[in-house]
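Naming: A, B, ... by sequence-line order, numbering from 1 per chain.
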Amino acid sequence: MNNVFVYCELEGNKVADVSLELCTKGRKLANQLGVQLEAVLVGTHLDDVEKQVIPYGVDKVHIFDAEGLFPYTSLPHTSAVVNLFKKEKPQICLLGATVIGRDLGPRVSSALNSGLTADCTQLEIGSFDMKVKDAEGNLVEKHYKDQLYQIRPAFGGSIIATIVNPDHRPQMATVRDGVMKKEILDENYKSEVVRYDAAEYIPSTDYVVKVLDRHVEAAKHNLKGAPIVIAGGYGVGGPEGFKLLFELAKELHAEVGASRAAVDAGWIDHDRQIGQTGTTVRPKVYIACGISGAIQHVAGMKDSGIIISINSDPNAPINQIADYIINGTIEEVVPKLIKYYKKNSK
Amino acid sequence: MSLKIIVLAKQVPDTRNVGPDAMTPEGTVNRAALPAVFNPEDLNALEQALRLKDANPGSTITMLTMGLPKAAEVLKEGIFRGADDGILISDRPLGGADTLATSYTLAQAIKKIGDYDIIICGRQAIDGDTAQVGPQVAEKLGLTQITYTEEIISLDKAAKKIVAKRHIDGGVETVEGPLPIVVTVNGSAAPCRVRNVKRVWANKNREFTTWGAADIEADPAQIGKVGSPTNVKAVKNIVFKAKENKTLTSSDADVESLIVELMESNTIG
Ligand SMILES: Cc1cc2nc3c(=O)[nH]c(=O)nc-3n(C[C@H](O)[C@H](O)[C@H](O)COP(=O)(O)OP(=O)(O)OC[C@H]3O[C@@H](n4cnc5c(N)ncnc54)[C@H](O)[C@@H]3O)c2cc1C
Ligand SMILES: Nc1ncnc2c1ncn2[C@@H]1O[C@H](COP(=O)(O)O)[C@@H](O)[C@H]1O
C-alpha cells in the first residue's frame, strides 16, 4: 500500500529503457517518501524478466505473463494495472510518455478517477497548501505534505507549471525516453517477485483488438547517444538548409536533430525532434542552428556539454544558455564551418 | 450501410506561433494574443470521418466540442468541410476542467447522443499535448480504442469490425477492433479536405444546439474545476541564467578560430 509503482513497457521480453529510467527516478522518490518501489510487467513469455528491473532498486515485481498480452493492446493491460492498483493502492504511478504509456495511462487514470500529467520534465516531492471548504462551508487552508510535483513546461513554453493531485491517488505522470537517467543501484538487490494468474485480473472479453501486422525497426539514427548533435530549427529555412546540416554532421560524425517548428514544417523526420515532446539529448556538443530556444526545446537539450548557437537574431533566447554564439545566417555560417573543419582536420 | 460518426474537435489557442506578448505580466496566458484555431489533429480526425462517410453513403457526422460559446466556430468549420451537424457543450460550471473532467463531460454528451458506431478524435490538442482525452472518453464509455491512427483501412458495420493502421514507437501496426470504438488520429494522417463553397453559403448563419451541465445529466462533482484531480501549484516564468559566453561574427576569421579552438580542446574532431 502507498508505494511507488512503475509500469514497465516491454518489446518482446526486453524492458524499455524509459521504464528503467523511471525505476531509477522512482527509487529516489520512494526513498524520500520512505516507501517501496514496485514494478508491473505485462506480456508474454516473461521468464526471468524480473532480472532486468531489480538491479534498479525495485523491491517488488508484479508479473502478468500470458498469451495475448504481447503485442500490447489497450484493454487487457488496463485491466491488469487497474485491478492490481485497486488492491495495492499505490500513491504514485510512473509510465513512459511512449505510444503505449499514452494509450494506457489515460485509461488507468480514468478508471481510478485520478490525475495524470503528460510529458513531465521533472518529478519532485514537496508540500502543497490549498483552500478547502470545512464542514461548515468555510474556506480553510489545508496542508498536504509529501505530494508529487509533476513539473512540465506549459503554454507555448513561456512558463513551467508544477502540477499536483492532492486528493486523488495514484498520482500519475508520464515521462519521455531519456529525460531521467537510468542507474543500476545494486546488481544483487533483493526483491520479491509475484507472478499472477492473468485470467483472474483480465476478463477474456478484453482481448477484442487483434494485431494483424506489426513492423518495428531499430531507430535509423542514434540521436540519444551521439556525442555531437547538430539541431536545425525554423531558421534553417527549408529542406535545402537541412542538407547543409547533414553535410556538416557527416564531417563531424554527428547526428542531426531538429526543433518542432522544423518538424512541423515537414523539413525533417518527426523522430529527430528534440525537446519536451521529442527526444532528450545530452551530447558533448550541441550546435543549435536557427533555433530560438523555446522552453519545450531547451527542456530536451539543456544538459548538453557545450552549446553553440548560430542565429541571425543576437537576442534569441537560446543565446542565453549558449557557450558560443555566432551571429549570422545558417546559409553563410554552416558552409564556413564545413570548409574550415575540412581545412584544419587535414 | 450508413454509419453514425461522432468527431470530437477542440478550439485551441495557436501555441505554434507564440509571440512575446503571449504571457501577461502576472504570468497568466494572454489568450487575446493567441489566435484561436481548429486543433490541427482534429482536422485529420475529421478527414477520416469524411472518408468513412464517402464510402458509406447515408452516414452522418456529428461534431462535438466543449468550450466557450466561441468554440462553435470549429463546429461551423466542420460543417463547411462536410460534417452534418454540431453540438456545443458550454456552461459556466464546466470551466477549468482538466482532461479527466473534460472526458467525463464529453462522454456524458456522447451518451445523450446515444446512437453511434465510431467516435473519432485528434491524437492530442496543441494547447497541452496531453493525448489523454480520447482514451479517457473511451474508458468512460466502456469502449476500446485505437490510438495514433494513420488511416482507417476498412470498416464493416455488419461484421462490427474496423481495421486501422497506427503508429507505434519505432514502427507501424495494423490492428482489427470491434465497433463501436474510439479512434484517435495522428497529424501525419491525410490532411483535411478544404471547405466546400456551397456548404459555406448554405451554412453561413448556422446555429448549433448548446448543451449545459444539466442537459447531459452531469454529476456536479465530476465536472469543471471541482471534478479535476490535477491542480496547478505554481507557474514560473522562465528566465534562463545567462552563461558566460563568447560571441562571434560570421566572418571567415571568426568561424575558423572557433573551429580551431574546438579542435585544439578535443571538443570536436
Ligand atoms: C505543448 C508543447 C510542446 C512542445 N514540444 C516541443 C519540443 O519537444 N521540441 C521543440 O523544439 N519544440 C516544442 N514545442 C514548440 C516550441 O514552443 C517552439 O515553438 C519551437 O521550439 C520553435 O522552434 P524554432 O526555434 O525552430 O522556431 P522559431 O521560434 O521560429 O525560431 C527560429 C529561429 O531562427 C532564427 N533564424 C531565422 N532565420 C535565420 C537564418 N537564416 N539563419 C540563422 N537563424 C535564423 C530566428 O532568429 C529564430 O531565433 C512545443 C510546444 C508546445 C505548446
Ligand atoms: N474540449 C474539448 N472538446 C472536444 N474535443 C476535445 C476537447 N478536449 C479534447 N478533445 C479531443 O481529444 C483530443 C485529445 O485532446 P488532449 O487530451 O487535450 O490532448 C483532441 O484532439 C480532441 O479530439
Proximity breakdown for A:Ile310 and chain B, heavy-atom pairs closer than 4.5 Å = neither
For B:Asp129 and A:Arg102, work out which heavy atoms get closest and say how close.
-> O-NH2, 3.0 Å
Using non-hydrogen atoms and a 4.5 Å limit, figure out which bit of A:Leu212 sits close to chain B: side chain, backbone, both or neither.
-> both
Option in A:Gly126, A:Ala261, A:Ala111, A:Pro71 with maximal non-hydrogen atom pairs under 4.5 Å from chain B | A:Ala111
Which region of A:Lys284, side chain (C-beta onward) or backbone (N, CA, C, O), has a non-hydrogen atom less than 4.5 Å from a non-hydrogen atom of chain B, or is it both or neither?
-> side chain
Honestly, the part of A:Ser74 sitting under 4.5 Å from a heavy atom of chain B is side chain
Take A:Tyr324 and B:Leu258, measure what side chain to side chain contact (heavy atoms under 4.5 Å, CB included) needs, and give me the verdict at the end.
-> CA-CA 9 Å; A:Tyr324 295 93; B:Leu258 172 66; 3.4 Å; yes
Go through A:Asn327 and B:Thr249 one step at a time and tell me if the side chain to side chain contact (heavy atoms under 4.5 Å, CB included) criterion holds.
-> CA-CA 5 Å; A:Asn327 286 324; B:Thr249 71; 5.8 Å; no
Of A:His270, A:His168, A:Arg107, the largest count of non-hydrogen pairs under 4.5 angstrom with chain B goes to A:Arg107
Salt bridge (charged side-chain N to carboxylate O under 4.0 Å, His left out) assessment of B:Lys246 paired with A:Asp323 = CA-CA 6 Å; B:Lys246 250 193 199 172; A:Asp323 300 277; over 6 Å; no
Which of A:Ser110, A:Pro106, A:Ser109 passes side-chain contact (heavy atoms from CB on, under 4.5 Å) with B:Gln132? It is A:Pro106
Is chain B contacted by the side chain of A:Thr73, its backbone, both, or neither, given a heavy-atom distance below 4.5 Å?
-> neither
Salt bridge flag under 4.0 Å for residues B:Glu256 and A:Lys343 = yes
Which portion of A:Glu332 sits near chain B, non-hydrogen atoms under 4.5 angstrom = side chain
Measure the CD1-CD1 distance between A:Ile100 and B:Ile168 for me, rounded to the nearest 0.5 Å.
-> 7.5 Å
Provide the closest heavy-atom pair for B:Gly177 versus A:Val209 in the form atom of the first, atom of the second, distance.
-> CA-CG2, 4.2 Å
Applying a strict 4.5 Å limit to non-hydrogen atoms, the region of A:Val285 in contact with chain B is side chain
Could you look at A:Ile163 and say if it's the side chain, the backbone, both or neither that has a heavy atom under 4.5 Å from chain B?
-> both
Flag, side chain of B:Asp169 to backbone of A:Val99, donor-acceptor distance under 3.5 Å = yes
Examine whether an atom of A:Ser292 lies under 4.5 Å from a heavy atom of chain B, and if so say whether it belongs to the side chain, the backbone or both; otherwise answer neither.
-> neither
Using a cut-off of under 4.5 Å on heavy-atom pairs, state which of B:Ala138, B:Ser188, B:Ser103 scores highest against chain A.
-> B:Ala138
Kindly determine whether A:Val211 and B:Thr174 satisfy side chain to side chain contact (heavy atoms under 4.5 Å, CB included), including the steps that lead there.
-> CA-CA 6 Å; A:Val211 178; B:Thr174 307; over 6 Å; no
Give a yes or no answer on whether the side chain of B:Gln145 reaches the backbone of A:Asp103 with a donor-acceptor pair at less than 3.5 Å.
-> yes
Any salt bridge between B:Lys165 and A:Asp213, counting N to O under 4.0 Å?
-> no
